[in-house]
Amino acid sequence: MDFDRGIAVIGGADGPTAIFLAGRLDSLFCILALGVMIIFYGIYYVKMLTQKRKGIRTTQLGQGKERPVLQIERIMLAATFLIIPVEVVSIFLEWNHMPLPVRITGVVFGLAGDMVFLAAVLTMRDSWRAGIPETDRTEFVSHGIYQYSRNPAFLGFDLMYMGILLMYFNGILLFFTLWVVVMLHLQILQEERYLDTVFGEEYRAYKKRTGRYFGRKK
């Protein structure tokens, strides 16, 4: 955090006190941002290991599919991996150009992303996959959080990424965040076409009553 901005936000403190408080804020946001990331990726990997023990391959991205589908999955996979070191560097080097209220909003977004992602993974149970399944035939799920979002796992990713961005806003992280969000959206479109093919009218009826990201339709 820029100390001048930190002094203004903290409420008029000056000298050593302002520097001390600004430093404490930076430490707090560092802990919160890393916590958001650890919780999110922890959910992903615990789910992956749990399914692996049952003989289920969770991650099915970037292999064994038609070329257009394969390309989007591979680019999305690259984006989601590359953004992690950018986020970590932004946090530890304190690359931030946003005032305190925006950063607090980022914390809320990040924690909301964790909760939404956890709800999606728990609701899907063993039907959850990362990517379009090659041969698996999973159960169609439309209850729980899926009553309010057709893609809550992707929504969780977006909220988490936007939360970290708002906590540590800088040009490099903005670029990677936009790249990831766009690729996730393209992956959603691919998966929706797949679901339409596999589940047919059941899925089309579900689309009519549930929003892609959030909301119930009349």
Side-chain angles (χ1 to χ4, degrees), residues 32-62 69 72-73 76-77 79-81 83-84 87 105-134 136-166 177 180-199 202-217:
L32 289 170
L34 290 174
V36 165
M37 293 178 66
I38 290 168
I39 292 170
F40 191 91
Y41 292 113
I43 294 168
Y44 184 97
Y45 284 108
V46 167
K47 183 65 174 181
M48 184 175 68
L49 291 174
T50 301
Q51 289 189 311
K52 185 177 180 180
R53 290 174 183 169
K54 298 179 180 180
I56 299 171
R57 184 157 56 90
T58 303
T59 302
Q60 302 196 14
L61 292 163
V69 174
I72 288 177
E73 287 193 347
M76 185 194 73
L77 196 59
T80 55
F81 272 110
I83 195 173
I84 296 174
E87 289 175 328
T105 302
V107 175
V108 174
F109 273 45
L111 292 175
D114 288 347
M115 291 186 289
V116 169
F117 185 63
L118 177 61
V121 168
L122 292 177
T123 303
M124 284 290 280
R125 296 181 179 273
D126 286 337
S127 291
W128 189 67
R129 300 289 186 277
I132 297 174
E134 295 178 62
D136 294 359
R137 286 296 174 264
T138 57
E139 177 188 353
F140 179 67
V141 176
S142 60
H143 61 276
I145 194 170
Y146 285 84
Q147 297 178 75
Y148 309 102
S149 172
R150 300 204 306 268
N151 300 281
F154 286 106
L155 177 61
F157 269 98
D158 285 345
L159 288 170
M160 186 272 291
Y161 289 132
M162 288 189 287
I164 300 297
L165 175 65
L166 293 177
T177 301
V180 171
V181 169
V182 169
M183 295 313 303
L184 289 173
H185 182 74
L186 293 177
Q187 180 65 18
I188 286 174
L189 298 181
Q190 291 197 148
E191 293 192 7
E192 288 185 344
R193 287 191 290 271
Y194 164 80
L195 292 169
D196 188 276
T197 301
V198 173
F199 295 106
E202 184 181 16
Y203 181 70
R204 287 189 284 273
Y206 172 63
K207 283 176 66 176
K208 290 179 181 178
R209 66 177 185 269
T210 309
R212 173 174 285 146
Y213 284 100
F214 186 78
R216 296 281 291 178
K217 300 177 183 178

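Basis for what follows: all heavy atoms, side chains included, without hydrogens, waters or symmetry-related copies.
Atom CG in Leu111 sits 12.5 Å away from atom CZ in Phe40 (nearest 0.5 Å). Put simply, CG on Asp158 and CG on Leu165 are 12.0 Å apart, with the number rounded to the nearest 0.5 Å. Put simply, CE on Met48 and CZ on Arg53 are 11.5 Å apart, with the number rounded to the nearest 0.5 Å. Separation of atoms CE (Met162) and CG (Leu159) is listed at 5.0 Å; rounding is to 0.5 Å. Atom CG of residue Leu118 and atom CD1 of residue Ile145 lie 9.0 Å apart, to the nearest 0.5 angstrom.
Proximity of Ser142 to Arg209: side-chain heavy atoms (C-beta onward) are separated by under 4.5 Å at one or more points. With contacts defined as side-chain heavy-atom distances shorter than 4.5 Å, the pair Met183/Ile72 qualifies. Residues Arg212 and Leu189 are in side-chain contact: their nearest non-hydrogen atoms beyond the backbone lie under 4.5 Å apart.
Ring-centre distance between Phe140 and Tyr206: below the 6.0 Å cut-off. Checked against the 6.0 Å centroid threshold, Phe154 and Tyr213 do not count as a close aromatic pair.
Ring geometry for Phe117 versus Phe157: interplanar angle over 60°, hence perpendicular rather than tilted (30 to 60°).
Residues Ala120 and Ala153 approach most closely at CB-N, 3.6 Å, considering heavy atoms. Taking each heavy atom of Asp114 and Ile43 in turn, the nearest pair found is O-CD1, 3.8 Å. Of all heavy-atom pairs between Thr123 and His143, the closest is CG2-O, 3.5 Å. Residues Arg150 and Glu192 share a closest heavy-atom pair of NH2-OE2, 2.8 Å. The minimum heavy-atom distance linking Ala33 with Ile164 is given by the pair O-CD1, 3.6 Å. Nearest heavy-atom pair across Thr80 and Leu77 is OG1-O, 2.9 Å.
A search for side-chain contact (heavy atoms from CB on, under 4.5 Å) contacts involving Tyr41 returns Met37, Tyr45, Ile84, Glu87, Met160, Tyr161, not counting sequence neighbours.
Between the Lys47 side chain and the Gly42 main chain, no donor and acceptor come within less than 3.5 Å of each other.
Around the OH atom of Tyr148, the shell of radius 6.0 Å holds no more than 12 heavy atoms that belong to other residues, nucleotides or ligands. Other residues, nucleotides and ligands contribute only 12 or fewer heavy atoms inside 6.0 Å of the CZ atom of Arg125.
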